[in-house]
Amino acid sequence: MSEERSLNFIEEIVEEDLAAGKNNSRVLTRFPPEPNGYLHIGHAKSICLNFGLAKKYNGQTNLRFDDTNPTKEEVEYVDSIKADVKWLGFEWANELYASDYFDTIYNFAVTLIKKGLAYVDDSTAEEISTQKGTPTEPGTPNQYRDRSVEENLQLFAEMKAGKYPDGAKVLRAKIDLASPNMHMRDPLMYRIKHTHHHRTGNDWCIYPMYDFAHGESDAIEHITHSICTLEFIPHRPLYDWFIEQLELFPSKQYEFARLNMTYTVMSKRKLLQLVEEGFVEDWDDPRMPTISGLRRRGYTPASIREFCERIGVARRENMIDVSLLEFCIREDLNKTAWRRMAVLDPIKLVLTNYPDGQTEIMSGENNPEAEDGDGSREFPFSNELWIEREDFMEEPPKKFFRLGVGLMVRLKNAYIVRCDSFVKDADGNVTEVHCSYLPESKSGNDTSGINVKGTIHWVSVPHAKEAEVRLYDRLFQVEDPSNEDGDFKEYLNPNSLHIIKTAYIEPELAKAEVGVGYQFMRKGYFTLDKHSTPEKLVFNRTVTLKDGWVKK
RNA sequence: UGCCUGAUAGUAUAAUGGUAGUACGACGGUUUUUGGUACCGUUUGUCUAGGUUCGAAUCCUGGUCGGGCAACCA
């Protein structure tokens with residue numbers, strides 16, 4: 001049995017609430033994305049937290065789109081978000097939208113006006129900003145703050161009716177212009193936007209602000225634990241204030257530190273820039289930290305969930321080493337991915353003592369990690385093979401367990417060969433390695449008595465299929481591009497994508513499917529790209545194998 | 001020179017007044033028909049100065065450092 005993992009601080013809160021019988025011992029969380037971009041690995045942390053918490057405590061989770069700003073939101077994003085959450089392996093109890101509550105929230109605003117706790121302000125954005133003061137100086141009230149309830153009611157109704165242009169008026173809560181918390185200095189509740197909304201169409205020309213929609217939506221749904229990131233801590237008093245004044249279900253907000261990861265950026269705004277300015281192919285470019293990018297890169301839902309489990313949940317700022325994400329995908333794929341052979345940087349190996357034109361069928365396990373090897377597949381062998389250029393050295397150093405004149409290696413699932421000579425072209429590049437094979441050393445029937453230290457992979461020249469292989473490296477060359485001087489894009493890694501036009505792969509790989517990971521032995525984990533076709537196979541490298549070999 | 005937050009190995013995260021532990025990374029070793037995997041080992045830590053206490057990572061006070069807050073964004 002595995003030991004019980006210690007609780008994170010939110011789980012502790014939930015357990016305390018449960019023990020105290022709060023909310024009738026019910027747990028209801030929500031994942032509240034704004035549909036203005038694609039989900040990234042940071043959202044995955046939030047998704048795993050919210051859905052994971054509900055699952056652990058027999059509760060449920062709503063998927064609620066925070067769609068209160070129609071100028072930035074699109075259906076395309078709604079669809080991608082739903083697909084990503086599902087792909088990660090989670091099921092929401094209800095698919096909801098803040099816009100479903102526009103009528104209710106409007107009535108909440110009317111209630112506050114009637115209580116003398118909200119007013120219509122005709123000031124411009126700049127005036128309001130100025131009147132709010134600064135963190136060290138209190139704000140100052142304006143003439144509109146003392147409008148009568150009746151006048152406020154009428155003006156707000158006129159705002160709703162479309163009588164005023166964008167920016168002409170706003171509805172503000174009447175709280176405390178001198179509060180040390182800027183968010184309590186009469187925050188905006190509604191603004192005028194004559195904009196088409198992806199769900200409510202042209203029904204509305206006024207839209208509630210986040211602070212007057214999020215908590216109210218939580219309360220309407222009877223969310224018990226509303227989990228968000230640290231930057232909303234100063235909003236909490238306002239979250240509670242609205243709920244208290246409106247006498248709604250007392251949802252509670254809890255904040256955790258968002259995920260930051262080395263060598264990437266984690267802001268939708270920056271990711272959008274990379275897409276729009278063409279630094280990457282699209283939101284699902286395999287170099288992107290988006291869920292769709294990771295999926296296309298070959299990451300599995302299980303590996304991402306495991307990652308989110310391992311990084312933990314706390315309130316301190318953090319910077320997770322991307323190597324942990326890589327560990328999680330290797331760990332998963334090592335157990336599940338079928339082994340195949342592919343030569344990415346080929347040179348020809350010629351077996352001088354193997355009959356020209358002869359073919360033998362060799363076989364190899366699909367996965368040595370599985371108890372039964374997970375079955376096996378066959379592949380042809382001949383006297384001309386492709387091997388990796390780096391597996392031969394003209395002047396091999398000590399402990400180089402590969403080929404060099406006089407050295408022997410095992411060809412994986414085939415024979416032991418001894419290197420006799422090599423051929424160079426006019427430029428001095430090695431083009432062929434000539435070897436002799438040991439007939440007694442065939443895999444499974446080895447009676448040669450010879451033990452070699454190295455084993456290399458290979459593909460038979462006349463039988464090999466061709467494929468394009470895309471090798472990815474980190475998107476940025478510095479750990480924290482957002483924290484460097486100047487524009488973050490100056491720190492993009494120019495070598496984040498290396499395309500190999502022609503690699504040679506074993507015939508079996510022609511059956512590869514999108515969404516399935518393969519280990520190219522000794523090279524890493526790869527998966528078929530979504531744009532691959534039977535005529536032109538394209539593989540993406542998910543991650544390399546850990547490399548213990550250090551060149552001396 | 002306001003308010004809110006936070007500070008434990010390189011990076012994360014436990015220890016909830018009683019032996020500072022775990023994972024990833026790094027380094028070394030064993031095994032190996034993947035220089036992978038697996039297994040074993042080594043390494044490195046309580047921001048600081050006081051106080052309370054038999055005993056402090058934990059409680060108190062001061063300081064230092066990091067993050068957030070003045071969008072008609074969420």
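The figures that follow rest on heavy atoms only: side chains count, while hydrogens, waters and symmetry mates do not. Bear in mind that the values here come from a model prediction, so they are computed numbers and not experimental data. Naming convention: chains lettered A, B, ... in sequence-line order (proteins, then strands); numbering from 1 in each chain.
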Considering only the [atom1] atoms, how many Å lie between [N] and [M], rounded to the nearest integer?
N     : M     : atom1 : value
B:U13 : B:A7  : P     : 9 Å
B:U37 : B:C69 : P     : 42 Å
B:U19 : B:C27 : C1'   : 27 Å
B:C59 : B:G18 : C1'   : 15 Å
B:G17 : B:A57 : C1'   : 11 Å
B:G25 : B:C39 : P     : 13 Å

Study note, to complete from the structure: Residues of residues 176-193 of chain A with a heavy atom under 4.0 Å from any atom of RNA chain B, listed by number, are A:Pro180, A:Met182, A:His183, A:Leu188, A:Arg191, A:Lys193
**Study point:** All side-chain contact (heavy atoms from CB on, under 4.5 Å) counterparts of A:Asp122, not counting sequence neighbours
**Key:**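 In terms of side-chain contact (heavy atoms from CB on, under 4.5 Å), with neighbours along the sequence ignored, A:Asp122 is linked to A:Val120, A:Tyr144, A:Arg147, A:Lys169.
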**Study point:** Contacts of type side-chain contact (heavy atoms from CB on, under 4.5 Å), residue A:Glu388, not counting sequence neighbours
**Key:**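 So A:Glu388 forms a side-chain contact (heavy atoms from CB on, under 4.5 Å) with A:Val343, A:Leu344, A:Asp345, A:Glu390, A:Asp391, A:His457, A:Lys523.
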Measure [atom1]/[X] against [atom2]/[N] and give the value in whole Å, please.
X        : N     : atom1 : atom2 : answer
A:Tyr263 : B:C24 : OH    : C1'   : 15 Å
A:Trp204 : B:C72 : CH2   : C1'   : 17 Å
A:His43  : B:A74 : NE2   : P     : 14 Å
A:Leu7   : B:U13 : CG    : C1'   : 13 Å
A:Lys72  : B:C72 : NZ    : P     : 12 Å
A:Tyr119 : B:C72 : OH    : P     : 13 Å

Under 4.0 Å, counting only non-hydrogen atoms across every strand here, what does [X] touch: a base, just sugar-phosphate, or nothing?
X        : value
A:Thr134 : base
A:Ser123 : base
A:Thr124 : base
A:Tyr210 : base
A:Phe232 : base
A:Ala314 : sugar-phosphate

Exercise for review: Please report the C-alpha distance between A:Asn142 and A:Gln131 in whole Å, then the side-chain angles of each, then the deciding distance to 0.1 Å, and finally whether the side-chain hydrogen bond (donor to acceptor under 3.5 Å, both in side chains) criterion is met.
Suggested key: CA-CA 8 Å; A:Asn142 61 32; A:Gln131 290 161 7; 2.8 Å; yes
**Study point:** Toward the 5' end of RNA chain B, by each residue's nearest nucleotide, A:Pro208 or A:Thr136
**Key:** A:Thr136
Point to revise | Residue closer to the 5' end of RNA chain B, A:Thr71 versus A:Glu331 (nearest nucleotide) | key: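 Checking each residue's closest nucleotide, the 5'-ward one belongs to A:Glu331.
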So, using salt bridge (charged side-chain N to carboxylate O under 4.0 Å, His left out) as the criterion, who are the partners of [X] when residues are at least two apart?
X        : value
A:Arg541 : none
A:Arg258 : A:Glu231
A:Glu15  : none
A:Arg410 : A:Asp446

Point to revise | Pair A:Phe256 and A:Phe9, ring centroids less than 6.0 Å apart | key: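 Not under 6.0 Å, so no.
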Practice item. Compare the minimum distances between each of B:C24, B:A12, B:G2 and the side chain of A:Phe327, then state the nucleotide with the smallest one. Key: B:C24
Each nucleotide N or O in nucleotides 44-46 of chain B that has a protein N or O under 3.5 Å away: list the pair and distance.
none

Practice item. Report yes if the side chains of A:Thr542 and A:Phe526 come closer than 4.5 Å at any heavy-atom pair, otherwise no. Key: no
Practice item. For nucleotides 26-37 of chain B, just jot down a letter per nucleotide in 5' to 3' order: B, S or -, based on protein non-hydrogen atoms under 4.0 Å. Key: -------BBBBS
Revision key, fill the gap. In 5'-to-3' order, the base (B), backbone-only (S) or no-contact (-) status of each nucleotide in nucleotides 4-11 of chain B, using a 4.0 angstrom heavy-atom cut-off, is SSSSB--S
Study note, to complete from the structure: Writing each nucleotide of RNA chain B 5' to 3' as (, ), [, ], | or . by Watson-Crick or G-U pairing under 3.5 Å yields .((((((..((((....[..)))).(((((.......)))))....(((((..]....))))))))))).....
Could you tell me whether [X] and [Y] have a side-chain N and a carboxylate O separated by less than 4.0 Å?
X        : Y        : value
A:Glu221 : A:Arg64  : yes
A:Glu331 : A:Lys335 : no
A:Arg315 : A:Glu255 : yes
A:Lys546 : A:Glu326 : no
A:Asp176 : A:Arg185 : no

Ring geometry between [Y] and [X] (parallel below 30°, tilted from 30 to 60°, perpendicular above 60°):
X        : Y        : answer
A:Tyr518 : A:Phe539 : perpendicular
A:Tyr415 : A:Tyr437 : perpendicular
A:Tyr504 : A:Trp386 : parallel

Check your understanding: Does the side chain of A:Ser6 get closer than 4.0 angstrom to OP1 or OP2 of B:A15 through an N or O atom?
Key ->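 False: A:Ser6 side-chain N/O out of range (4.0 Å or more) of B:A15 OP1/OP2.
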Check your understanding: Got a sec, which residues hit side chain to side chain donor-acceptor pair (under 3.5 Å) with A:Thr140, two or more places apart in sequence or on another chain?
Key ->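 Checked A:Thr140 against side chain to side chain donor-acceptor pair (under 3.5 Å); zero matches.
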